[in-house]
Amino acid sequence: MGALSIRDVRRSYGGIEILKGIDVEVEAGEFLILVGPSGCGKSTLLNIIAGLDAPTTGTVHIAGRDVTRALPKDRDIAMVFQSYALYPNMNVAGNISFGLEMRNVPRDQREAAVQRVAKMLQIEHLLDRKPGQLSGGQRQRVAMGRALARDPVLFLFDEPLSNLDAKLRVEMRAEIKQLHRAAQVTTVYVTHDQVEAMTLGDRIAVMKGGLIEQLGTPDDIYDRPATRFVAEFIGSPAMNMIVAERSPAGLAAQGFDLVLDDGQRRALSAGAPGPVLYGLRPESLSFGDAGLPGTVTMLEPTGPETYALVDTAVGKLTARVPGRLHQAIGAPVALRWSAADVHLFDTRTEQRLA
Amino acid sequence: MTAGAGTAVARSAEPFGARLARWVPKLVLAPSFVLAFLFIYGLMAWNGYLSLSASRLLPNYEFVGIEQYQRLFESERWWVALTNLGIFGGLFIGCGMTIGLLLAILLDQKIRVEGVLRTIYLYPMALSFIVTGTAWKWILNPGLGLEKLAHEWGFAGFSFDWLINPDRAIYTIVIAGVWQSAGFVMALFLAGLRGIDDSILKAAQIDGASLPRIYWRIIIPCLRPVFFSTLMVLSHLAIKSFDLVMALTAGGPGFATDVPATFMYTMAFSRGQIGLGAASATIMLATVAAIVVPYLYSELRGRR
Ligand SMILES: Nc1ncnc2c1ncn2[C@@H]1O[C@H](COP(=O)(O)OP(=O)(O)O)[C@@H](O)[C@H]1O
Ligand SMILES: [Mg+2]
């Protein structure tokens with residue numbers, strides 16, 4: 001049995017089912033990411049794990065113990081909130097030690113814990129300040145410090161970096177990763193940012209509409225997305241989707257034959273007939289002398305690479321190429337890719353075919 | 001933004017229309033400004049001078065120094081008024097705040113009929129103190145209200161005669177005042193409670209704090225600014241309280257429920273002691289100022 005197991009958890013609010021049966025097993029020391037669009041139920045699930053909300057049906061076990069009805073304080077967890085949720089009337093030291101004080105830890109041990117955490121997060125000079133006197137990044141550190149002061153069996157993060165600016169977000173992301181590597185505490189981390197999901201997670205659960213669409217390692221999720229939704233949600237720019245018809249040679253779109261390998265052909269013939277979604281990640285596309293003809297309609301240089309929007313007979317495709325592009329807008333180009341990079345999805349069920 | 005260097009040049013070349021546009025607001029505001037200045041600060045100054053004069057039935061500008069103040073503080077009735085203000089003010093503010101805060105905390109527990117209850121609690125504030133006073137006069141009148149009702153229900157021994165008991169009458173004013181203002185205090189505190197981020201409560205729950213401890217250690221300390229504003233509002237209501245006392249007891253029995261405002265009114269307008277009334281008015285003004293000025297000062301300084 002894992003450090004955290006969630007079994008068939010459902011939650012309804014006033015007749016509307018927000019979580020529609022979630023099953024997850026998290027191993028000890030694992031870093032699990034819950035990622036999905038806004039409103040898909042990530043916070044609701046995290047609150048149920050924390051005991052701030054109760055499932056309508058289903059159970060939650062932490063370290064082998066059924067805690068479905070246990071109070072948050074009896075679950076030995078720590079949580080970091082998006083708004084940081086610092087106690088405005090207490091200084092930083094008070095915020096960090098409040099949880100220990102509520103658990104009747106003696107004063108000298110509390111002070112030692114505050115010092116240890118402050119040193120770890122480099123906030124020693126802030127201990128006497130009130131939250132109102134801190135910057136966003138500093139508040140974030142204090143919120144982390146409050147979670148680290150106790151030694152919980154489970155860390156929960158609800159979009160902890162969403163309110164930071166881009167640069168700070170990258171820094172804190174690295175720091176969270178290091179903290180987790182050092183402490184090896186089981187962590188569930190909610191985000192809607194797919195870069196955070198890919199860089200931090202040991203495993204990622206992609207959620208949509210109260211269900212987990214796919215649960216797997218970052219490589220699984222990226223290389224073999226189980227559904228069209230996962231394919232389009234993870235990866236930036238999003239995966240190109242071409243609606244393809246069956247043809248004698250395999251698949252074609254607007255009369256253009258689309259390359260396939262043997263495994264894909266086999267999967268196609270095994271599956272139901274009908275149109276198929278032919279997915280290509282932007283970085284799989286490159287410019288060549290021959291291939292799918294099109295014209296460049298927009299260029300977005302980001303520095304190390306350029307996103308090119310190309311108008312083709314099968315629709316608008318985004319290509320992501322290294323460095324700068326020499327083609328001008330309106331220039332005729334040809335796009336190439338290899339069959340190994342192709343993802344196929346059923347148009348109706350939106351499930352992966354190959 | 002373009003001001004600074006621009007204005008000096010622009011002003012001389014400014015077209016008539018623009019100059020008019022600049023003056024219109026000042027012209028429109030001028031009459032009310034003059035009137036306010038005259039009738040508020042002018043009359044304050046006049047009252048201040050009267051309190052140093054020998055005025056009795058009519059204003060009399062003979063300067064007598066602080067004689068009126070000496071008479072004031074030798075008057076037994078003034079001391080009764082001050083004591084009453086102390087009792088009334090202390091209980092009115094203390095009970096008003098406690099009950100208002102408790103009501104707000106109860107209403108904040110996500111109960112279903114909150115909207116209805118909020119309106120009910122807030123409703124007394126929509127009444128004027130005169131109405132409140134009159135209504136409570138009937139309710140507390142031994143021959144008409146509660147006592148009679150209890151007798152009719154068969155509790156023959158029930159007696160509630162505070163309204164006509166000189167030692168107790170001041171507490172009836174407290175009851176009516178608290179009834180009127182508790183809902184308003186509740187609304188202030190409720191707004192404060194709603195302003196507290198929900199996730200702070202969640203964090204405290206995870207930290208292991210029980211609900212009473214969350215309120216005591218986090219929420220109530222966070223409401224400190226609300227406590228201050230409420231204290232300001234209630235204390236100046238208490239010092240100025242006049243209509244409630246007039247409607248409920250008219251200062252009686254005897255002058256047992258006199259407060260400084262009714263004292264001032266009686267002296268200046270029915271006892272022909274304008275100088276004495278003016279002196280008591282000045283003392284009240286000074287008391288209000290002693291509360292409000294430091295508050296305004298700290299508020300304005302805090303803004304900057
Ligand atoms: N207390 C609640 N009452 C009613 N609906 C709620 C409540 N909490 C959340 N919801 C609904 O549940 C859905 C999922 O919310 P949430 O878990 O916060 O999404 P996420 O964190 O993924 O953005 C939203 O549509 C929200 O409106
Ligand atoms: Mg959320």
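So you know, we letter chains A, B, ... as the sequences are listed, proteins then strands, and number each from 1.
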If you count heavy-atom pairs under 4.5 Å between each of B/I196, B/D207, B/I200, B/L201 and chain A, which one has the most? B/D207

Under 4.5 Å from any heavy atom of chain B - which part of [X]:
X      : value
A/A143 : neither
A/L86  : backbone
A/L52  : side chain
A/N47  : side chain

I want to check something: taking the side chain as every heavy atom from C-beta on, are [X] and [Y] in contact at a cut-off of under 4.5 Å?
X      : Y      : result
B/I214 : A/Y87  : no
B/I218 : A/F98  : yes
A/L156 : B/I206 : no

Would you name the heavy atoms of [X] and [Y] that are closest together and state the gap between them?
X      : Y      : answer
A/M102 : B/R217 : CE-NH1, 3.8 Å
B/S199 : A/S83  : OG-OG, 2.8 Å
A/K73  : B/G208 : CB-CA, 3.4 Å

Enclosure of B/R194 CZ (heavy-atom neighbours >12, cutoff 6.0 Å): yes

Please check if the number of heavy atoms outside B/F227 that lie under 6.0 Å from its CZ is greater than 12. yes

Holding to side-chain hydrogen bond (donor to acceptor under 3.5 Å, both in side chains), I want the full list of residues that pass it with A/R11, two or more places apart in sequence or in another chain. A/D53

Going from NZ on B/K202 to CE on A/M79, what distance comes out if it is rounded to the nearest 0.5 angstrom? 6.5 Å

